[in-house]
Undergrad: 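After the structure tokens below, expect a handful of questions from me.
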2 protein chains.
Amino acid sequence: MTVPPGRRERKKAATRQRIADTALRLFLERGYDAVGIRDVAAEADVAVTTLFSHFASKEALVFERDEDFEQRLTQAVTGRAPHEPLIPALREEILALVRHCTADSAAPVWRMIDGSPALRKYEESVRLRHAETLAAAIAGDPEPPVSATASRAIARFVIDAYALAREAADPEGAVDEVFPMIEAAWEVTRASRRA
Amino acid sequence: MTVPPGRRERKKAATRQRIADTALRLFLERGYDAVGIRDVAAEADVAVTTLFSHFASKEALVFERDEDFEQRLTQAVTGRAPHEPLIPALREEILALVRHCTADSAAPVWRMIDGSPALRKYEESVRLRHAETLAAAIAGDPEPPVSATASRAIARFVIDAYALAREAADPEGAVDEVFPMIEAAWEVTRASRRA
DNA sequence: GACCGTAGCACTAACAGTTAGCTTTTTGAA
DNA sequence: TTCAAAAAGCTAACTGTTAGTGCTACGGTC
């Protein structure tokens with residue numbers, strides 16, 4: 001019983017990381033569309049099939065860490081202090097995530113994403129998944145019980161806020177503008193429940 | 001100068017329609033994944049390149065009429081009576097569209113879409129475009145002036161409502177539940193503008 | 001320490017969507 | 001009739017992705 005995950009899993013993770021790093025480097029050097037899967041595989045010194053055993057698609061190479069995003073969102077819901085209101089907690093988390101991805105160091109990557117229709121499309125589908133996960137977290141939260149539809153709606157609104165902020169000229173300002181709207185929408189679901 | 005759209009354009013439209021009809025028929029008969037582009041082209045008696053000159057992708061064959069959707073939404077905004085409030089107008093239009101696509105006659109098509117990840121993903125990207133178009137219509141409406149961010153947020157919320165309703169067990173009930181939330185979000189933008 | 005089942009990886013070859021390059025037909029107008 | 005442009009066609013490729021198959025190294029067990 002190895003507390004540090006066994007050598008096999010470490011090797012696997014290393015291979016995965018090597019592929020992701022190589023891919024990102026090549027994409028940034030030559031442009032996403034100009035780099036083929038075969039190029040990435042060759043440069044990372046793995047077979048094409050190996051690459052696809054670690055990543056479901058070419059786009060997934062770019063959004064390698066998207067599960068962190070998902071985790072942080074659900075954590076913001078399920079891990080908040082008792083009686084701490086939901087929407088402000090989500091607001092803080094989204095704000096942190098927006099700051100994170102509009103940081104200068106991340107700029108080239110996001111410029112690449114914005115420049116590729118395939119990547120933008122993929123990002124949307126990733127966000128849809130995040131919205132579903134977030135909806136499940138909200139629906140499962142005992143604090144204020146809400147209907148399935150309402151929690152899915154709020155979840156989508158929150159993800160929308162993130163998407164809008166990322167594209168806005170003033171990302172933090174966009175969060176400040178959209179979240180009061182979400183707060184109001186949220187209040188409606190609570191009001192109808194009290195009635 | 002032919003006032004009735006010339007023969008050339010009619011023929012082109014006819015070819016386009018023949019391709020779309022053939023594609024949909026084959027997809028429903030054999031399943032979306034089991035039908036290749038070459039099958040559709042052969043059955044419609046056109047070259048593959050011709051097919052792609054009419055449709056940008058295989059998925060686009062299924063969402064052939066999606067511009068109607070877009071048109072109806074912008075029409076609901078720009079074509080409403082003076083002083084008619086925005087959100088109820090959008091609510092009515094979304095309700096009509098939801099009814100339209102949950103009608104029995106359309107059921108097989110939507111079942112096919114729900115059964116194919118590629119189609120679901122494509123539908124999301126189509127919706128994103130619709131949200132952008134709707135946002136532009138809202139932002140361009142003189143009646144209640146709103147910021148670019150607020151109009152984009154509302155537009156996304158409205159599209160979200162449609163998406164949620166389409167997937168919900170009780171589509172019309174979902175519209176009834178989500179639109180009050182949107183209305184509240186909308187009021188926030190108006191309140192901050194009056195302040 | 002030897003043994004074995006499994007997981008990771010490799011290789012080839014192919015499939016399917018999509019596009020480029022170029023030719024032929026059809027159309028609308030001079 | 002003649003001509004330019006649009007539409008349609010054909011061939012051949014490129015690119016992401018997968019199936020099939022086998023080899024190798026690891027991890028747990030006796």
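Letters go in sequence order (proteins before strands), and every chain restarts at 1.
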Undergrad: With respect to the side chain of A:His54, which nucleotide from D:dG16, C:dG17, C:dC9 is positioned closest?
TA: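 Closest of the options to the side chain of A:His54: C:dC9.
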
Undergrad: Take atom CG of B:Leu119 and atom P of C:dG17, then tell me their distance rounded to the nearest Å.
TA: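 Between P of C:dG17 and CG of B:Leu119: 12 Å.
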
Undergrad: Between atom CZ in B:Arg16 and atom P in D:dA8, what is the gap in whole Å?
TA: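 Rounded to whole Å, this separation is 12 Å.
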
Undergrad: Could you state the CZ-P distance from B:Phe52 to C:dA16, rounded to the nearest angstrom?
TA: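 Roughly 13 Å, once rounded to whole Å.
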
Undergrad: Any non-hydrogen side-chain atom of B:Asp114 less than 4.5 Å from a side-chain atom of B:Leu119?
TA: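 B:Asp114 vs B:Leu119: side chains apart.
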
Undergrad: Write down the atom of A:Tyr162, the atom of A:Cys101, and the distance for their closest heavy-atom approach.
TA: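 What the structure gives for the nearest pair is OH-SG, 3.5 Å.
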
Undergrad: Under the side-chain contact (heavy atoms from CB on, under 4.5 Å) rule, what do B:Lys121 and A:Glu124 come out as? Steps first, then yes or no, please.
TA: CA-CA 8 Å; B:Lys121 192 162 164 177; A:Glu124 267 308 304; over 6 Å; no

Undergrad: Whole Å only: how far is the CD atom of A:Glu9 from the C1' atom of C:dT6?
TA: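 Those two atoms, CD and C1', are 13 Å apart.
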
Undergrad: Within the 4.5 Å heavy-atom criterion, are B:Val146 and B:Asp141 side-chain neighbours or not?
TA: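 No, every pair of side-chain atoms sits at 4.5 Å or beyond.
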
Undergrad: Does D:dT17 have its OP1 or OP2 closer than 4.0 Å to a side-chain nitrogen or oxygen of A:Lys58?
TA: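 Indeed not, no polar side-chain atom of A:Lys58 lies that close.
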
Undergrad: Which parts of residues 35-50 of chain B get close to DNA chain D, meaning a heavy atom less than 4.0 angstrom away?
TA: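 Here the set is B:Arg38, B:Asp45, B:Val46, B:Ala47, B:Thr49, B:Thr50.
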
Undergrad: If you look at every strand shown and take non-hydrogen atoms under 4.0 Å, does B:Thr15 touch a base, only sugar-phosphate, or nothing?
TA: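 Sugar-phosphate, backbone atoms only, no base.
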
Undergrad: Roughly, in whole Å, what's the span from NZ in A:Lys12 to P in C:dT6?
TA: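 Rounded to whole Å, this separation is 16 Å.
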
Undergrad: Which label fits A:Tyr122 and A:Phe63: parallel for a plane angle under 30°, tilted from 30 to 60°, or perpendicular past 60°?
TA: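 Plane angle between 30° and 60°, so tilted.
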
Undergrad: Side-chain N or O of A:Lys11 versus OP1/OP2 of D:dC26: is the shortest distance under 4.0 Å?
TA: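 Looking at the OP1 and OP2 atoms of D:dC26, one of them is under 4.0 Å from a side-chain N or O of A:Lys11.
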
Undergrad: Could you tell me whether the side chain of A:Thr15 and the main chain of A:Lys11 form a donor-acceptor pair under 3.5 Å?
TA: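 Yes, A:Thr15 side chain to A:Lys11 backbone: donor-acceptor pair under 3.5 Å.
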
Undergrad: Between atom CZ in B:Phe27 and atom C1' in C:dA16, what is the gap in whole Å?
TA: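 It works out to 12 Å between those atoms.
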
Undergrad: Nearest whole Å is fine: how far is C:dA16 P from B:Tyr32 OH?
TA: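 Those two atoms, OH and P, are 13 Å apart.
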
Undergrad: Rounded to the Å, how far apart are A:Phe55 CZ and D:dT18 C1'?
TA: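 Result: 18 Å.
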
Undergrad: Is it the case that the side chains of A:Thr133 and A:Glu70 hold a donor-acceptor pair, with the cut-off being a distance below 3.5 Å and no angle test?
TA: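 Yes - a donor-acceptor pair under 3.5 Å links their side chains.
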
